[in-house]
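Scroll down for the structure; my scribbles are underneath it.
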Amino acid sequence: MHATASPGPSPSLRGRIQAAIEAAWTLARADLAASASAGGPTPEPQDAPISIERPADASFGDFASNIALRLAKPYRRAPLEIARTIAAHVETTATDPNSPIASVDVAPPGFLNIRLADGALATATQRILANPTTWGHVAAAFPERINVEFVSANPTGPLHIGNARGAFTGDLLCRVLAAAGHKVEREYYFNDFGSQVKNLGASVIAIREGCELPEDGYHGDYVYDLARELPAEVLAQAQESGEDPSWAAGRWASERVRAGIEASLEHLGCHFDVWRSESTLHKDGWVVQAIDRLRAAGDVYQEDGAVVFRSTKFGDDKDRVILRSTEDAAPTYFAADIGYLVEKFSRGYERIIFIWGEDHHGYVARVKAAAQSLGFDRDHVQMILTAWVRFVRDGKEVPMSKRTGEFITLDELLGEIGVDAARWFFASRAASSGIDFDIELAKKQSNENPVYYVQYAHARIASILRKAAESGMAPPAADDPRLADLLAGILQSAPEALLARQIVRLPEVVEDAAASEETHGITAYATELATAFHAFYRDARVVDPDEPDRSTARLALVAAAHTTLANALALLGISAPETM
RNA sequence: GCGCCCGUAGCUCAGUGGAUAGAGCGUCAGGUUGCGGACCUGAAGGUCGUGGGUUCGAGUCCCGCCGGGCGCGCCA
């Protein structure tokens with residue numbers, strides 16, 4: 001019971017191994033210093049953290065470290081000597097029954113190969129049964145409040161397939177950061193201020209009145225729907241107050257479109273905590289305040305009647321205009337971005353992340369420059385750029401333009417290939433990797449998507465648990481006093497041990513995903529876990545009335561696998577079906 | 001022209017300076033008297049775009065070149 005008493009995240013096994021090796025290194029370093037020749041002083045301790053990794057070849061053990069190879073040069077000692085000295089100081093289960101390490105071997109040219117104790121697998125399995133909902137969550141070394149802004153497409157038309165990557169990338173990042181112990185808020189910024197809103201309104205009115213569309217008007221089917229649904233009162237009120245009806249209709253249409261976008265995103269499993277409009281940003285004075293702060297910092301100047309921010313002072317390749325010389329000194333879009341930075345930091349975030357398409361990479365330097373001039377740490381403003389997705393149908397690139405209405409909406413795409421398959425597709429690729437998305441191919445292959453392989457493993461486990469229940473059997477409770485012995489009994493044999501070794505990796509996978517801000521490690525892991533389960537299923541009969549103890553023990557392991565698969569899928573926002 | 005990203009198996013993609021470069025799909029050959037065959041086992045398939053350099057060690061870091069994408073507005 002003591003092992004499972006503390007709720008919430010606990011360190012990954014890898015973290016505990018790392019701590020053990022670090023402790024051994026501290027002792028080993030003293031040995032090495034004591035035996036040092038008079039050749040020179042012992043170097044200062046290296047700051048480099050001791051990295052523990054999963055070896056490429058499983059026969060080497062559960063974990064490996066190249067620490068001795070890295071330290072050989074600064075300490076001017078043979079890697080093998082360092083490795084042997086460290087290994088001699090590691091507490092293993094041979095000397096300390098609580099150690100997660102069964103053995104440490106030294107292999108040329110200086111690797112430490114570490115084998116996990118069976119007891120560590122059993123303890124981890126118990127912990128999963130005790131706290132299934134938080135299994136896989138880890139505690140951040142420095143928990144932060146993080147704002148992640150993504151999608152932020154202008155509400156002048158429904159989301160199209162080009163918005164898919166940003167939506168999924170942002171959502172996945174938020175899920176991962178939250179699981180890694182951070183407080184995450186999801187934000188959508190939209191422009192309800194610019195001329196395109198008026199343009200949308202003009203298009204709606206033109207259709208409504210049967211006139212020709214404006215030259216730069218919007219043409220999509222949705223514009224006709226808007227024209228049909230526009231309440232007459234909107235135009236009547238505009239006429240009464242003397243306002244340009246295009247603005248009034250545009251505001252109405254834009255809000256209508258925005259609500260549709262929100263519904264689409266919710267359908268994808270992408271929830272946003274904050275919807276921030278550009279007009280309120282101006283109205284609340286944030287843009288003016290930001291410009292004043294830049295001016296006070298001495299980082300703006302006048303040129304040809306315009307106000308310019310000296311962003312080159314902070315590494316940008318040219319200075320940027322923030323107030324135009326014409327149109328009543330109207331602020332530029334960039335000025336609004338600066339105001340938005342001030343407003344966001346005023347809410348107390350330690351870190352602000354933007355998910356942008358790579359076509360925005362030119363904006364990174366100027367926004368970071370603004371942050372720095374405003375007195376923020378530029379490293380607390382972070383941009384994640386997603387590479388372009390080329391949508392292809394029949395070998396031809398699909399054109400996408402909201403204005404001409406030539407685009408495939410996100411809703412249409414997901415109607416064809418399904419949310420789970422689409423999520424897996426994007427989650428399993430690095431954000432920086434360019435993708436050719438062949439829509440016909442994706443439809444054809446959606447049945448071959450590995451996501452179903454993983455979901456199938458989950459459903460198969462659910463089926464086993466149902467089968468067990470029919471025979472009056474169930475996984476043992478987490479506080480069953482026999483659990484430790486039962487697990488120890490089965491973890492001696494290969495099918496069970498191989499599965500358990502995959503199960504216990506989840507927290508490490510979450511740590512890695514959060515550190516790299518990439519999710520393809522999770523999809524790869526989920527696939528490997530499913531494979532390990534299918535192999536176990538082949539070799540080990542779970543429900544066997546003739547072997548009640550062994551059945552109970554295996555049910556505990558299977559229940560842990562069930563939870564682990566479900567939590568890995570939850571990190572990806574993908575459903576974990578009980579049947580399929 | 002300048003800047004950023006990318007180039008790894010037939011295809012789509014992984015690969016925090018370390019051990020024999022991996023996975024899925026596709027191809028080929030096999031597998032079920034038991035809990036879900038949407039499964040399992042095995043095989044074939046690689047000059048890691050290219051040429052140098054750094055390193056005990058390079059797919060990974062640095063430089064040149066080739067090829068592809070994106071960006072270089074007081075636009076939004």
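Residue numbers start from 1 in every chain, and the chains themselves are labelled A, B, ... in the order their sequence lines are given, proteins ahead of strands.
A:D539 comes within contact range of no nucleotide atom at all, as no heavy-atom separation falls under 4.0 Å. Residue-level contact check: A:Y453 touches the backbone only, with heavy atoms under 4.0 Å from sugar-phosphate atoms and none from bases. When heavy atoms are screened at a 4.0 angstrom cut-off, A:A336 is found touching no nucleic acid atom at all. Nucleic acid contact for A:E53: base, since at least one base atom lies under 4.0 Å from a heavy atom of the residue. Using a 4.0 Å heavy-atom criterion, one finds that A:Q196 contacts the sugar-phosphate atoms exclusively. A:N191 comes within 4.0 angstrom of the backbone, heavy atoms only, and of no base. Using a 4.0 Å heavy-atom distance criterion, A:A64 is classed as a base contact. Here A:S433 lies in heavy-atom contact (under 4.0 Å) with sugar-phosphate atoms only. Contacts of A:D359 with the nucleic acid, taken as non-hydrogen atoms under 4.0 Å apart, involve only primed sugar atoms and P, OP1 or OP2. At a threshold of 4.0 angstrom between heavy atoms, the contacts of A:T579 include nucleobase atoms, whether or not backbone atoms are also involved.
A perpendicular orientation is assigned to the rings of A:Y75 and A:W25, their planes being inclined by more than 60° (bins at 30° and 60°). Using cut-offs of 30° and 60° on the angle between ring planes, the pair A:Y363 and A:W356 is perpendicular.
Rounded to the nearest Å, the gap between the C1' atom of B:G67 and that of B:C25 is 26 Å. The gap from the C1' atom of B:G42 to that of B:C6 amounts to 35 Å, rounded to the nearest Å.
No hydrogens or angles considered: a donor-acceptor pair under 3.5 Å links the side chains of A:D57 and A:S59.
In the set B:A76, B:G73, B:A19, B:A76 carries the atom at the smallest distance from any side-chain atom of A:Y363. Comparing B:U41, B:A19, B:G18 by their closest approach to the side chain of A:L69 singles out B:G18. Comparing atom distances between the A:E358 side chain and each of B:G69, B:G36, B:A76 picks out B:G69 as nearest. Each of B:C74, B:C35, B:A14 was ranked by its minimum atom distance to the side chain of A:H520; first place goes to B:A14. Closest approach to the A:N66 side chain among B:A19, B:G18, B:C75 is made by B:G18 (side chain taken as heavy atoms from C-beta onward).
In this structure, A:F60 has its ring center no closer than 6.0 Å to that of A:F111.
A donor-acceptor contact under 3.5 Å links the side chain of A:H361 to the base of B:C70.
Classification of A:R295 and A:D292 as a salt-bridged pair holds, one side-chain N sitting under 4.0 Å from a carboxylate O.
Pairing of B:A43, defined by two Watson-Crick or G-U wobble distances under 3.5 Å, is identified with B:U27. Pairing of B:G37, defined by two Watson-Crick or G-U wobble distances under 3.5 Å, is not identified with any nucleotide. B:U32 is unpaired under the criterion used here, namely a Watson-Crick or G-U wobble arrangement in which both key atom distances are under 3.5 Å. Figure legend. B:C75 is base-paired to no nucleotide; pairs are counted as Watson-Crick or G-U wobble with both atom distances under 3.5 Å. The partner of B:U55 cannot be assigned: no Watson-Crick or G-U wobble pair with both contacts below 3.5 Å exists in any strand. Searching all strands for a Watson-Crick or G-U wobble partner of B:C4 with both distances below 3.5 Å returns B:G69.
Mapping A:A459 and A:E303 onto RNA chain B via the closest heavy atom, the residue that lands nearer the 5' end is A:A459.
The aromatic ring of A:F111 sits over the base of B:A19, with ring centres less than 5.5 Å apart and planes tilted by under 30°. The aromatic ring of A:Y537 stacks onto the base of B:C35, its centre lying under 5.5 Å from the centre of the six-membered base ring with the two planes under 30° apart. The ring of A:Y456 does not lie on top of the base of B:G36; it is either too far (5.5 Å or more) or too tilted (30° or more).
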